[in-house]
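Only one structure is covered here, and it is reproduced in the block below.
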Amino acid sequence: MEIKPGSRWKSAVCDAQIVVVRPPKVAGELQCGGVAVVPQVDAAAPSGDVHPDHAGGVLIGKRYIDEASGIEVLGAKAGKGSLAFDGRELNLKEAKPLPASD
């Protein structure tokens with residue numbers, strides 16, 4: 001699986017869809033719900049169950065990162081499965097604080 005900036009992916013087990021903002025620095029597998037994601041153009045409907053250890057959910061409009069690999073993705077559609085890269089859970093990226101205005 002080649003993960004490029006702007007590429008769109010979807011979960012194989014839930015409704016989650018994501019867009020890659022920053023690709024990983026190393027090769028690996030992007031996962032959602034404990035299963036590898038598939039290209040969004042894949043016509044197959046989600047099937048199977050979200051793994052209980054990977055059921056944290058994806059939120060629309062939120063960015064997720066993995067510090068070890070450098071990957072950053074954006075939630076394009078919410079879903080029940082949580083995101084991971086090579087088994088490491090992606091963390092919700094914190095918003096940068098805005099400077100104070102007077």
Side-chain angles (χ1 to χ4, degrees):
M1 146 184 346
E2 187 176 354
I3 303 171
K4 298 186 214 175
S7 60
R8 300 178 68 90
W9 302 87
K10 67 179 183 176
S11 173
V13 293
C14 71
D15 292 332
Q17 294 181 7
I18 57 172
V19 177
V20 175
V21 175
R22 186 173 300 128
K25 299 172 193 164
V26 295
E29 182 177 75
L30 182 58
Q31 304 159 326
C32 183
V35 179
V37 296
V38 295
Q40 188 175 2
V41 295
D42 188 330
S47 63
D49 295 323
V50 173
H51 190 281
D53 294 340
H54 300 278
V58 173
L59 300 173
I60 190 168
K62 298 294 181 181
R63 291 181 184 230
Y64 296 86
I65 59 171
D66 175 43
E67 297 292 338
S69 67
I71 191 169
E72 181 176 336
V73 298
L74 173 68
K77 186 175 180 184
K80 294 179 182 178
S82 57
L83 298 169
F85 187 79
D86 276 350
R88 290 184 308 274
E89 188 169 344
L90 272 61
N91 299 312
L92 187 62
K93 186 174 181 180
E94 299 294 325
K96 293 181 183 177
L98 296 174
S101 60
D102 294 334

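All values below were derived from every heavy atom in this structure, side-chain atoms included, with hydrogens, water molecules and symmetry-related copies excluded.
Checking side-chain atoms of Gln17 against main-chain N and O of Arg8 turns up no donor-acceptor pair under 3.5 Å.
If you take CZ on Arg22 and CG on Asp66, they are separated by 12.0 Å, rounding to the nearest 0.5 Å. How far CG of Leu90 is from CZ of Arg63: 13.0 Å, rounded to the nearest 0.5 Å. Ile71 CD1 to Ile3 CD1: the interatomic distance, rounded to the nearest 0.5 Å, is 4.5 Å.
Annotation for Arg88: atom CZ counts as buried by contact number, over 12 foreign heavy atoms lying within 6.0 Å.
In terms of the salt bridge (charged side-chain N to carboxylate O under 4.0 Å, His left out) criterion, residue partners of Lys93 (sequence neighbours excluded) are, by chain and number, Glu72.
Think of Val41 as one node in a network of Ile, Leu, Val, Met, Phe, Trp and Tyr side chains linked at under 4.5 Å; it has no links at all. Listed by chain and number, the hydrophobic cluster partners of Ile65 come to none, as no ILVMFWY side chain reaches under 4.5 Å of it.
Connection of Val20 to Leu59 is established within a shared hydrophobic cluster, with ILVMFWY side chains joined at heavy-atom distances below 4.5 Å, either directly or through further cluster members. The cluster map of Ile, Leu, Val, Met, Phe, Trp and Tyr, joined by side-chain heavy atoms under 4.5 Å apart, puts Leu92 and Ile18 in the same cluster. Hydrophobic cluster membership differs between Leu30 and Leu74, with clusters built from Ile, Leu, Val, Met, Phe, Trp and Tyr side chains linked at under 4.5 angstrom.
Residue Ser82 comes nearest to Ala55 through the heavy atom pair OG-N, 3.8 Å, listed as atom of the first residue, atom of the second, then distance. Scanning all heavy atoms of the two residues, the minimum distance from Val19 to Ala76 falls at CG2-CB, 4.1 Å. Taking every heavy atom of both residues into account, Gly81 and Cys14 meet most closely at N-SG, 3.4 Å. The two residues Glu29 and Ala36 make their nearest non-hydrogen contact at OE2-CB, 3.3 Å. When every heavy atom of Val38 is checked against every heavy atom of Ala12, the shortest pair comes out as CG1-CB, 4.5 Å.
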When the side chains of residues 45-52 are checked against the rest of the protein, which donor-acceptor pairs come out under 3.5 Å, sequence neighbours left out?
{"residue": "His51", "atom": "ND1", "partner": "Asp53", "partner atom": "N", "Å": "3.0"}

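Each ring pair (Phe, Tyr, Trp, His ring centres under 6.0 Å) pair with one or both residues in residues 63-86, not counting sequence neighbours, would appear here, but there are none. Residue pairs meeting the salt bridge (Lys or Arg N to Asp or Glu O under 4.0 Å) criterion with at least one member in residues 76-86, sequence neighbours excluded, do not occur.
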